Amino acid sequence: MDEPGGEVTRQVTRHRTGRGIRPRTLVVAALAWLLAAVFLLPYLEMAVTALRPADELRDASYLPRHFAWSNFVDVWRDSTLGANLRVTLLVAGGSTLLVLLVALPAAYHTARVRYRGRRLFLLLVLVTQMFQPTSLLVGLYREFYRLDMLNSVWTLILCNSAFNLAFAVWILTAYIGSIPVELEEAAMIDGLGRLGALCRVVLPLAMPGVVTALVFTFIAAWNEFVMGLTLSTAPERQPLTVGINSFIGNYTVEWNYLFAGSVVAIVPVVVLFALIERRVVSGLTAGSVK
């Protein structure tokens with residue numbers, strides 16, 4: 001006769017030793033790894049091409065015969081890539097900070113106060129996501145030209161903040177709305193005001209949603225191209241996406257330098273996303289379960 005819990009113990013043992021795994025689990029795992037490989041192969045090809053010498057760019061081999069690590073040194077020394085990277089860091093960081101400073105109070109007020117026109121406001125926030133920066137470029141260029149703000153980092157920060165604000169308000173409104181209001185009421189009874197309850201109660205609980213808005217705003221500002229190309233004409237004041245485009249000439253493309261610059265451009269975003277991926281997932285699922 002089996003001891004109590006004997007069957008459960010055997011099942012756990014089989015699971016830990018790898019026996020008793022269902023074929024369906026193996027198939028799903030294999031498909032997941034295959035899908036990951038399909039998405040990662042272009043990035044691997046980009047990294048390999050970034051290390052090819054110029055005389056091996058047309059070779060059909062998968063790996064170069066000689067790895068030209070000097071490509072990264074040359075692209076940093078002989079171009080404006082360093083200045084472009086600094087501009088991109090300022091624009092992405094400044095836009096993210098400005099969006100959070102504006103979106104958090106707006107989302108908190110929208111989630112907690114049932115004012116007249118609240119649904120219309122949320123609808124307008126959603127509608128603004130339909131506007132593409134390219135449709136407003138002519139007007140933006142004329143306005144910033146009159147204000148003498150072309151080739152300015154602040155111009156790019158304001159534009160990127162404006163186009164990413166709607167998404168941040170939307171995602172933060174959904175997340176703050178899922179936080180029980182009784183927690184704030186209890187904090188107010190203990191002596192905290194509305195601002196104190198926001199900073200000491202709501203903000204820590206809403207951190208996954210804040211991180212989600214932060215990551216998506218940062219990545220959108222980091223990858224922005226059209227506004228940077230139009231509103232910044234000085235090479236050293238252009239963002240990284242525009243600076244990399246300078247390696248594409250009228251008749252030739254410096255593929256090794258182009259991909260070396262691309263590797264430099266994607267590494268910070270990949271590291272940022274890998275560090276806070278769990279918080280991003282929890283923020284995206286906010287409000288899905290009541």
Side-chain angles (χ1 to χ4, degrees), residues 11-53 56-69 71-72 75 81 85 88-89 92-93 95-96 129 164 167-168 170-171 174-175 207-225 239-241 243-245 247-248 253-289:
Q11 291 178 1
V12 173
T13 302
R14 284 198 301 269
H15 177 74
R16 290 180 176 178
T17 56
R19 291 178 296 177
I21 299 178
R22 293 181 298 178
R24 179 180 177 182
T25 303
L26 294 175
V27 172
V28 171
L31 290 177
W33 280 105
L34 179 62
L35 185 62
V38 170
F39 279 101
L40 290 176
L41 279 176
Y43 295 97
L44 179 61
E45 177 65 22
M46 179 180 65
V48 170
T49 305
L51 295 173
R52 285 184 182 273
E56 295 186 26
L57 289 176
R58 297 184 180 274
D59 289 356
S61 59
Y62 290 102
L63 295 175
R65 294 188 298 273
H66 304 92
F67 288 93
W69 297 97
N71 286 343
F72 290 94
V75 77
L81 191 68
L85 179 60
T88 299
L89 286 172
S95 301
T96 302
Q129 291 292 95
N164 290 290
F167 173 80
W170 188 269
I171 196 72
Y175 201 94
M207 194 54 62
V210 173
V211 171
T212 302
L214 181 152
V215 169
F216 277 85
T217 302
F218 187 88
I219 292 177
W222 187 276
N223 293 330
E224 203 285 319
F225 174 80
L240 191 58
T241 51
I244 293 175
N245 191 58
F247 297 111
I248 302 176
V253 179
E254 299 175 289
W255 292 107
N256 50 345
Y257 295 148
L258 177 66
F259 285 139
S262 300
V263 171
V264 174
I266 67 171
V267 166
V269 176
V270 171
V271 172
L272 174 66
F273 195 84
L275 291 175
I276 52 181
E277 177 263 341
R278 291 185 179 180
R279 287 185 178 270
V280 173
V281 173
S282 61
L284 287 175
T285 57
S288 61
V289 179

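The structure displayed is predicted, hence computed values, not measured ones. We use all heavy atoms of the structure for the numbers below, so side chains are in, but hydrogens, waters and symmetry mates are not. If you read the sequence from its start, that first residue is 1, and numbering goes on from there.
With values rounded to the nearest 0.5 angstrom, N71 atom CG is found 5.5 Å from Y257 atom OH. T212 contributes atom OG1, which lies 8.0 Å from atom OH of Y175 (distance to the nearest 0.5 angstrom).
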Go through F216 and I171 one step at a time and tell me if the side chain to side chain contact (heavy atoms under 4.5 Å, CB included) criterion holds.
-> CA-CA 11 Å; F216 277 85; I171 196 72; over 6 Å; no
Would you check, one step at a time, whether the test side chain to side chain contact (heavy atoms under 4.5 Å, CB included) holds for I244 with L81?
-> CA-CA 7 Å; I244 293 175; L81 191 68; 4.3 Å; yes
Mind running side chain to side chain contact (heavy atoms under 4.5 Å, CB included) on N245 and I248 for me, showing each step along the way?
-> CA-CA 6 Å; N245 191 58; I248 302 176; 3.7 Å; yes
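Listed by chain and number, the residues in a side chain to side chain contact (heavy atoms under 4.5 Å, CB included) with P53 are D55, E56, P64, H66, A68 (sequence neighbours excluded). Applying the side-chain hydrogen bond (donor to acceptor under 3.5 Å, both in side chains) rule to R24 yields no partners; only residues at least two apart in sequence or on another chain are considered. The ring pair (Phe, Tyr, Trp, His ring centres under 6.0 Å) test applied to F259 returns W255, not counting sequence neighbours. A search for side chain to side chain contact (heavy atoms under 4.5 Å, CB included) contacts involving T96 returns L100, L214, T217, F218, not counting sequence neighbours. Evaluation of the ring pair (Phe, Tyr, Trp, His ring centres under 6.0 Å) rule for F247 yields no partner, not counting sequence neighbours.
What you find for L51 and F72 is that their closest heavy atoms are CD2-CE1, 3.5 Å.
Between the side chain of W222 and the backbone N or O of A265, at least one donor-acceptor pair lies under 3.5 Å. A donor-acceptor pair is defined here as one N or O able to donate and one able to accept, closer than 3.5 Å; such a pair exists between the side chain of T88 and the backbone of L240.
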Show the atom names and distances, to 0.1 Å, of all donor-acceptor pairs under 3.5 Å that link a side chain in residues 29-48 to residues at least two apart or in another chain.
from	atom 1	to	atom 2	distance (Å)
E45	OE2	T49	OG1	3.4

